[in-house]
Amino acid sequence: MLSYLLLALLAVTIAAYFAGYSKARAFATGASDGSQHSLSGYHGAYVAAWAGIPSFLLVLLWLLFQGPVVDSLLVSSLPPDRVEGLDVGQLNLLVSEIKSVAKGNIFSEPDAVVLAAAERYNAWNAIANWAMVACALALAVGALFIARSKLAPRFRARNQVERITSALMIVCSLIAIFTTIGIVVSLLYETLRFFSMVSPLQFFFGLNWEPQIAMREDQVTSGGAFGAIPVYVGTLLIAFIAMLVATPIGLFSAVYLTEYASDGVRAVVKPLLEILAGIPTVVYGFFAVLTVAPAMRQFGELLGFSIAPNSALAAGAVMGIMLIPFISSLSDDALAAVPQSLRDGSYGLGATKGETITKVLLPAALPGIMGGILLAVSRAIGETMIVVMAAGIIAALTLNPFEPVTTVTVQIVTLLIGDTEFDNPKTLAAFALGLVLFLVTLCLNVIALSIVRKYREQYD
Amino acid sequence: MVKGSLTMDQQVVSPETTTTRSVVEDPKITSGDVSVFYGAKQALFDVNLDIPRYAVTSLIGPSGCGKSTYLRCINRMNDTIPIARVTGEIKIDDQDIYDPDLDVVELRARVGMVFQKPNPFPKSIFENVAYGPRIHGLAKGKTDLEELVTTSLERAGLWDEVKDRINEPGTGLSGGQQQRLCIARAIATKPDIILMDEPCSALDPIATAKVEELMMELREKYTIVIVTHSMAQAQRVSQKTAFFHIGYMVEYGDTKQIFEDPQDKRTQDYIFGRFG
Ligand SMILES: Nc1ncnc2c1ncn2[C@@H]1O[C@H](COP(=O)(O)OP(=O)(O)OP(=O)(O)O)[C@@H](O)[C@H]1O
Ligand SMILES: [Mg+2]
């Protein structure tokens, strides 16, 4: 039903375009002295926009309100003796029973009241649906004719269409903004609930992270269970190892690609590096668990010290490999953006390639490179899959890279896996962790982007 | 070099003819049959040119005729273009600069270059000028370096304008100041030759006048080769002028003679404005 309606609206919109277009063509050929303000296509688009957009919005609103309105009609139509004494939960149960009967899912023998209500419910819904179709089509066709009647040679269809397009674009960007705001607000709300159960002091400064213990009734607020410091230390340790791997390799490969590689090599190596960026992180996770960690263990045994099967080193190293393309492609852009004239100036003074790179190109590209590194750090902190698979779950407070550590993202995953109730601190802790993670990566991204932007302006 | 073979025949306008009307005694730079190829395309054909020391030599000619290409042969900047290939012989003070044993870095320290668009490094004014001395180890210590920077800026006529802001970025100067900074930067490596590729084309008349004045002063200590599109500038600043035309060096002689009495038809057309 709905899809047919939308198809019909689309058809009306297309028809509206041609209606507007042909009318405009008619007066364009009539007065070929160029007195027509807008091209005929704009007249068509104007009529089409009026026919399509309001009717589509009407359908959206209708769908939004039809359910609640019909529900409340349904409730008020129930016999008072049946509703009396029911609390909200029971009433909801009754309504959903009626609805499932209306859909034809009859499990046990429903009573007469429910059957009658289900019939009424179906009838009202049918009426509402048909009314929606009628209203939407009437609105579309009506708007088509009104808009078409407005067309005239001097009518400023182009300006109108431009205004409509820009409004559409604003709406699209608002969707993104409101989604972000919605996420932040819900994070904040749940975090506040968490902090009403566990003191922020404990969360931010506690050295003991054992959220599972708090599951037991008597220990809900017992001290130390939600100290997030080990989790953050683990996160930073892994991110640090990852950056230790990714920064030099990424930077040097960027320098090689921009300054040393021949065009042929560059044409092969650059796409290869970018393939690294396309590998799903879960595959990196396999690689870390099945290849890197055992290899490190064996190597550790050779040297006579033990490396845990889940080690920060394995997870960090593999994450570093994942981040190489990030750093290399942003550094590559930054180096390539340094004007050739600076290279010429340096070579012209007798500088070698190495001197030119270290003394002129890297300093000039430094802001861009820094931006890339910061973006990579925020990726490293937010990365989940590799650490879930390779780093471990136990929150030990350690800086030893051979030990298992855990990260914020891993903890969020483990807290929310399985049966969760959103009213105990164990689950809500995930939101607090998530909020802090979000704030940190947000800051990093803002700084990184502003650095990158600033340096872009430099060579304009 | 077609030294002394004065081809005066104006009727013959085959590309290969070169008119040279003055023999340069004791030249600083000599070129013998220099050709340059960019990939398969030849951009310069058998150029023979002797450039005198302690003088300004102008290279003029229509766009794309190979002036920059020739200039870039003198400090082997063409080496930085992978597809460029240079044949023939260029000698500076009788030393072949394309000799495989010669160190390009040393050569470029001796042959400074100033580019069409001012290209100061995004560093402080001081660091810009100190760049060359630092990489070549020309200064013995901090005070030595400071002195070298100061004298270079003074010689480039920029010292008075920047002495209070020596640690501010060189990119913050005006275009004309930036170009003089680039000249100071080139001077600081103590070259004996300065190559300038259209050094004034991005400057206003006042800044141009300053740079020209500078060239005339610098001439006493340096050998200067300048590419210019302004014939007035060539006449004002240079003692010798070479006219290039689609890859050939067509005519070379004293500036006064080239401008007042060109022999080759192509030179006449260009100088008297009958060509594009
Ligand atoms: N890097 C390069 N790769 C390929 N061809 C080049 C390159 N540089 C110059 N050329 C070609 O060589 C020829 C001479 O160029 P050159 O830059 O020497 O001219 P020019 O006389 O300096 O011109 P202008 O007055 O416009 O600067 C031109 O045809 C040009 O297209
Ligand atoms: Mg040029």
Side-chain angles (χ1 to χ4, degrees), chain A residues 254-270 331-372 450-460, chain B residues 68 71-72 74-83 103-124 127-138 169-172 178-179 181-191 193-197 202:
Chain A
V255 168
Y256 171 74
L257 282 180
T258 46
E259 300 304 317
Y260 291 93
S262 67
D263 286 352
V265 173
R266 192 179 154 87
V268 176
V269 174
K270 210 167 151 42
S331 308
D332 191 83
D333 290 350
L335 284 169
V338 177
Q340 179 63 30
S341 66
L342 289 187
R343 290 184 182 82
D344 286 346
S346 176
Y347 292 137
L349 289 168
T352 61
K353 205 153 199 167
E355 285 162 344
T356 304
I357 290 168
T358 52
K359 298 207 162 118
V360 176
L361 298 183
L362 286 180
L366 191 64
I369 293 170
M370 280 307 299
S450 70
I451 289 178
V452 170
R453 191 164 324 127
K454 196 167 158 203
Y455 117 97
R456 285 234 169 95
E457 285 159 6
Q458 208 175 314
Y459 303 118
D460 279 351
Chain B
S68 303
L71 198 71
R72 292 164 63 90
I74 303 176
N75 64 347
R76 290 184 54 179
M77 275 301 273
N78 285 327
D79 293 13
T80 62
I81 302 173
I83 56 166
D103 185 7
V104 190
V105 165
E106 241 168 71
L107 169 74
R108 293 196 190 133
R110 279 177 60 202
V111 185
M113 187 158 203
V114 176
F115 297 83
Q116 177 168 3
K117 218 176 128 226
N119 56 350
F121 302 130
K123 300 171 180 286
S124 71
E127 286 300 324
N128 260 285
V129 183
Y131 185 83
R134 275 198 215 277
I135 58 178
H136 297 295
L138 295 182
T171 42
Q178 286 187 12
Q179 195 60 302
L181 177 64
C182 292
I183 294 173
R185 189 174 71 183
I187 293 171
T189 56
K190 302 187 174 163
I193 300 171
I194 301 176
L195 310 175
M196 300 187 179
D197 194 347

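What you see is a predicted model, and the numbers here were worked out from it, not measured in a lab. For the numbers below, each heavy atom of this structure counts, side chains included, while hydrogens, waters and symmetry mates do not.
- The backbone N or O of A/Ala364 sits nowhere less than 3.5 Å from a side-chain atom of B/Lys123 that would complete a donor-acceptor pair.
- When each of B/Met113, B/Lys117, B/Arg185 is checked for heavy-atom pairs under 4.5 Å with chain A, B/Arg185 comes out on top.
- At least one side-chain heavy atom of B/Tyr131 sits under 4.5 Å from a side-chain heavy atom of A/Val360.
- Side-chain contact check for A/Leu361 versus B/Phe121: every heavy-atom pair is 4.5 Å or farther apart.
- Only the side chain of B/Phe115 comes within less than 4.5 Å of a heavy atom in chain A; its backbone stays farther off.
- In this structure a side-chain-to-backbone donor-acceptor pair under 3.5 Å is present from B/His136 to A/Leu349.
- At least one side-chain heavy atom of B/Pro122 sits less than 4.5 Å from a side-chain heavy atom of A/Leu342.
- Interface remark: B/Val111 contributes backbone atoms only to the contact with chain A (heavy atom separation under 4.5 Å).
- Proximity to chain B is absent for every atom of A/Ser262, based on heavy atoms less than 4.5 angstrom apart.
- Atom CZ of residue B/Arg72 and atom CG of residue A/Asp344 lie 5.5 Å apart, to the nearest 0.5 angstrom.
- Checked by atom type and distance alone, the side chain of B/Asn119 pairs as donor or acceptor with a backbone atom of A/Ser341 at under 3.5 Å.
- A distance of 7.0 Å separates CD1 in B/Ile135 from OG1 in A/Thr356, rounded to the nearest 0.5 Å.
- B/Pro120 touches chain A through its backbone: at least one of N, CA, C or O sits under 4.5 Å from a heavy atom, while the side chain does not.
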